[in-house]
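Contents: one structure, followed by commentary.
In listed order, ligands and their atoms are each counted from 1. Along the sequence shown, residues are numbered consecutively beginning with 1.
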Amino acid sequence: MIDILARFFIDRYKNTEDPNVQSKYISLSGILGLFLNILLFISKLAVGSLTNSIALISDSFNNLSDSLTSVVAVLGSAASRKPADSEHPHGHGRIEYIASLIVGILIMFMGVQLLSEGVNELRNPTETNMSIAFIGVLILSNLVKVYMYMYNKNLAVRFNSPLNQGVAMDSLNDTIATTGILIGGLISYFTDFKLDGIMGIIIALLVFKTGLEFALSTTSTLLGEQISKETEDGIVKEIMSGKYVKGYHDLYFHDYGRGNVTAHVHIEVPTDISVGEMHGVIDSIEKNVKRKYNILLVTHMDPSYELADIEESKETKVIDMGDVENTEEIIEEAADLIRAGDLVVVPTETVYGLAGDGLNPEAIRKIFEAKERDSKNPLILHIANKKDMENLAVDIPKLAYKLADKFWPGPLTIVLKKSDIVPDAVTAGTDTVAIRMPDNEIILKLIEKSERPLACPSANLSGRPSPTTVVDVYSDMKGKVKLILGQGSTRLGLESTIVDLTQKPTILRLGYYDIEEIRDIIPEISYSEDSSSTYKNAVEKPHYKTRADIIVYKDDLPEQVSRINEDIKKYQKQGLKVGVLSSNEDRKLFEPDEILSYGSKNDKDEIARVLFAKLRDLDRLGVDLILVQGVDEKGIGKTIMSRFIKAADGNIVSK
Ligand code: TXA
Ligand code: MG
């Protein structure tokens with residue numbers, strides 16, 4: 001019958017998926033219930049008074065309470081259709097739940113009333129006059145209630161409506177109660193037992209119970225329930241299928257009623273994927289969830305240091321220094337390790353460093369072993385005060401002080417004549433020592449607390465790109481050090497500039513500071529590409545080797561973009577998986593197997609910051625070949641290109 005009525009009263013009645021149409025169905029069922037209950041109320045009250053049955057009169061009020069239920073249902077579901085406004089940005093869907101709560105309380109109230117009447121009747125039993133009308137109205141009532149149970153149950157299941165579920169439950173109880181009255185009446189009529197009062201009390205208790213359950217069921221929705229397991233599982237699957245997504249936590253739902261559900265979640269993402277890249281992934285997760293589940297998902301990104309892996313390694317503890325309160329204590333713990341001759345990975349402003357006691361040959365040996373570094377390649381000693389340079393070096397020229405005053409703490413390393421306290425292992429047997437005062441709280445405090453200079457090369461395996469993220473440190477140093485102090489991505493991303501003052505001033509390695517900045521202090525300083533190999537005796541020059549081969553396309557190449565595109569095709573034809581590292585501006589022009597961008601051409605500092613991490617990322621994506629779009633060599637661009645060119649090991653495409 002509901003479906004027949006729907007045809008007349010609901011437009012688009014077939015669209016039962018639409019929350020609006022659903023709520024109209026619920027309203028309609030409420031109106032029908034209202035009519036049926038008033039009908040029962042009047043007929044039972046009349047017959048109950050005539051036959052002097054307190055149970056039947058109670059039952060009539062039971063029906064009155066039900067019609068009240070229906071009124072609230074109709075008003076509640078109509079109000080819940082009201083769209084969101086500025087004061088109720090989540091819509092009015094929860095009015096339906098509030099209405100249900102009120103209904104529950106009303107029913108309980110009715111139960112208490114009926115209970116006192118039943119107790120009265122039990123104390124002073126009165127005679128009930130059995131009649132055809134008595135039996136007739138009870139049978140009619142049962143038929144109506146069974147019917148109401150059926151259509152409300154149907155709607156409850158179809159539209160997942162708590163209101164209809166409540167009404168269905170109530171109708172079922174009514175049927176049981178009415179049947180009880182009927183049986184009680186018959187027993188009283190044929191025997192001497194006066195069951196009217198007892199039946200009245202039982203009905204009263206039933207009514208109260210229904211009300212209580214109804215009220216409780218809606219309060220949990222009102223307080224905010226968890227969503228169904230299937231929906232939750234589906235959404236989790238959607239989240240985890242996102243590219244790069246490493247995990248999630250704290251997924252919560254907020255149900256504002258009538259299909260207005262929002263959810264929030266924390267998604268764990270790698271620290272070394274650019275924000276732009278990751279945003280695209282997150283955006284499509286959110287859109288899919290909206291489309292498939294009609295749930296508005298809001299996402300918070302959490303950097304992931306591959307904690308699952310990290311916890312697996314018992315030897316290596318990783319602490320996110322941004323995440324802890326007791327940094328002093330932790331640095332103290334790290335200093336203890338250093339003094340005991342162990343190694344600790346620390347952040348610096350340039351790249352992560354692998355630190356050990358710079359005056360302890362055993363610690364130095366461990367550094368070379370952990371990095372698998374050629375013992376002929378010397379280490380930089382890191383100090384926390386400019387004056388400490390005087391303990392480590394002799395015959396210090398004035399220029400050294402000038403450089404220190406201008407650039408320390410900061411990404412500049414000065415090579416001086418070594419003092420006797422510096423072990424030969426640090427300087428690889430030469431009589432010079434490289435010294436720098438870094439500009440990062442954590443390493444500075446560690447140096448101070450350990451009370452000695454720290455030998456601290458970049459924390460990568462020898463020949464690999466320097467690590468600028470915790471994930472990159474971890475993939476090279478897992479199991480090789482006891483402690484990694486993490487601090488997200490390092491601030492500058494390129495290693496220090498190295499200036500040699502033991503001979504005619506020379507730049508040995510370009511770094512964060514470009515030639516011009518050093519020339520401001522030492523105008524006559526020289527730099528040649530060839531001297532960029534800082535350790536002359538080495539068997540193999542250091543380079544930033546990825547698993548994939550790298551080709552760099554210099555910026556002075558007029559047809560840089562078209563050459564890269566030709567080569568993508570050429571190498572793909574050879575069956576290779578080709579990756580491209582390009583600028584933001586040009587990334588749309590390339591269609592390789594994988595593409596990452598290093599940021600805008602106009603933001604060289606950003607390129608410096610991410611370049612090593614991007615090379616490692618492309619490696620992780622499993623490409624065979626990385627084609628790098630080179631940048632112009634102005635300022636820090638020269639250092640950036642020097643790193644790309646070393647990484648490419650001579651594979652350069654230029655004019
Ligand atoms: O920014 C940096 O300098 C980073 C952070 C961790 O401080 N450290 C770093 O260290 O890049 P490492 O070991 O990866 O590179 C140091 C370079 C090597 O190329 C080494 O040959 C050179 O400095 N070097 C060290 N001592 C030297 C010396 N006495 N004479 C000439 N070159 C030296
Ligand atoms: Mg290095």
Checklist line | Enumerated ligand 1 atoms positioned under 4.0 Å from heavy atoms of Arg509 | finding: 2 (C), 3 (O), 9 (C), 11 (O), 15 (O), 16 (C), 17 (C)
Next item on the list: Please determine if Thr350 has a nitrogen or oxygen closer than 3.5 Å to a nitrogen or oxygen of ligand 1.
Entry: yes
Next item on the list: Indicate yes or no for a side-chain donor-acceptor contact from His300 to the backbone of Val298 under 3.5 Å, with no hydrogens or angles considered.
Entry: no
Next item on the list: Under 4.0 Å from a heavy atom of Ile498: give me the atoms of ligand 1 that qualify, with their elements.
Entry: 17 (C), 22 (C), 23 (O)
Item checked: Leu379 contact mode with ligand 1 (heavy-atom cut-off under 4.0 Å) -> backbone
Check: Is there at least one pair of N or O atoms, one from Glu495 and one from ligand 1, spaced under 3.5 Å apart?
Finding: no
Check: Would one find an N or O of Thr413, backbone or side chain, under 3.5 Å from an N or O of ligand 1?
Finding: no
Next item on the list: Compute the shortest N/O to N/O distance between Ser496 and ligand 1 and return yes if it is under 3.5 Å, no if not.
Entry: yes
Notebook entry, point to check: What are the atoms of ligand 1, with element, lying closer than 4.0 Å to any heavy atom of Asn377?
Noted result: 18 (C), 20 (C), 21 (O)
Next item on the list: Would you please determine whether Thr427 falls within less than 4.0 Å of ligand 1 on a heavy-atom basis?
Entry: no
Checklist line | Nearest-0.5 Å distance that lies between atom CG in Asn460 and atom CD in Glu372 | finding: 11.0 Å
Note to self: Given 3.5 Å as the limit, does a donor-acceptor pair link the side chain of Asp593 with the main chain of Val578, or not?
What the structure shows: yes
Check: Considering residues, nucleotides and ligands other than Lys243, do more than 12 of their heavy atoms fall under 6.0 Å from its NZ?
Finding: yes
Next item on the list: Working to the nearest 0.5 Å, report the span between CG of Leu381 and CZ of Arg452.
Entry: 13.0 Å
Check: Going by an N to O cut-off under 4.0 Å, is there a salt bridge joining Lys614 and Glu277?
Finding: no
Note to self: Within the supplied structure, the quantity of interest is the number of heavy atoms (other residues, nucleotides, ligands) at a distance under 6.0 Å from Glu517 CD; does it exceed 12?
What the structure shows: yes
Notebook entry, point to check: Should the proximity of Lys418 to ligand 1, defined as any heavy atom under 4.0 Å, be assigned to the side chain, the backbone, both, or neither?
Noted result: neither
Check: Which atoms of ligand 1 have any heavy atom of Arg436 under 4.0 Å away?
Finding: 1 (O), 2 (C), 3 (O), 5 (C), 7 (O)
Notebook entry, point to check: Which residues satisfy the salt bridge (charged side-chain N to carboxylate O under 4.0 Å, His left out) test with Lys387, sequence neighbours excluded?
Noted result: Glu390
Check: Relative to atom 7 (O) of ligand 1, which among Lys376, His382, Lys417 owns the nearest non-hydrogen atom?
Finding: His382
Notebook entry, point to check: Is ligand 1 under 4.0 Å from a heavy atom in the side chain of Thr432, in the backbone, in both, or in neither?
Noted result: both
Notebook entry, point to check: Within a radius of less than 6.0 Å around NZ of Lys386, do more than 12 heavy atoms belonging to other residues, nucleotides or ligands occur?
Noted result: yes
Margin query: Working to the nearest 0.5 angstrom, can you tell me the gap between Leu611 CG and Ser466 OG?
Written below: 9.0 Å
Next item on the list: Between Gly410, Pro438, Cys456, Ala428, flag the one that comes closest to atom 6 (C) of ligand 1 by a heavy atom.
Entry: Cys456
Next item on the list: State the atoms of ligand 1, each with its element, that fall below the 4.0 Å cut-off from a heavy-atom position in Ala434.
Entry: 25 (C), 26 (N), 27 (C), 29 (N)
Check: So, are Lys371 and Asp476 salt-bridged, with charged N and O less than 4.0 Å apart?
Finding: no
Note to self: Just to verify, what does Glu591 make a side-chain hydrogen bond (donor to acceptor under 3.5 Å, both in side chains) with, not counting sequence neighbours?
What the structure shows: none
Notebook entry, point to check: Using a cut-off of 2.8 Å, how many protein N, O or S atoms lie below it in distance from the Mg ion (ligand 2)?
Noted result: 1
Notebook entry, point to check: Does an N or O from Thr430, backbone or side chain, lie closer than 3.5 Å to an N or O of ligand 1?
Noted result: no
Next item on the list: Under 4.0 Å from a heavy atom of Gly353: give me the atoms of ligand 1 that qualify, with their elements.
Entry: 6 (C)
Next item on the list: Give me the one residue out of Tyr598, Tyr544, Phe644 that meets ring pair (Phe, Tyr, Trp, His ring centres under 6.0 Å) with Phe612.
Entry: Tyr544
Next item on the list: Indicate the atoms forming the closest heavy-atom contact of Ala459 with Val345, along with that distance.
Entry: CB-CG1, 4.0 Å
Note to self: Tell me which pairs pass side-chain hydrogen bond (donor to acceptor under 3.5 Å, both in side chains) where either residue lies in residues 405-419, with sequence neighbours left out.
What the structure shows: Thr413-Ser496
Check: Just heavy atoms, cut-off under 4.0 Å: does Asp500 contact ligand 1 by side chain, backbone, both, or neither?
Finding: neither
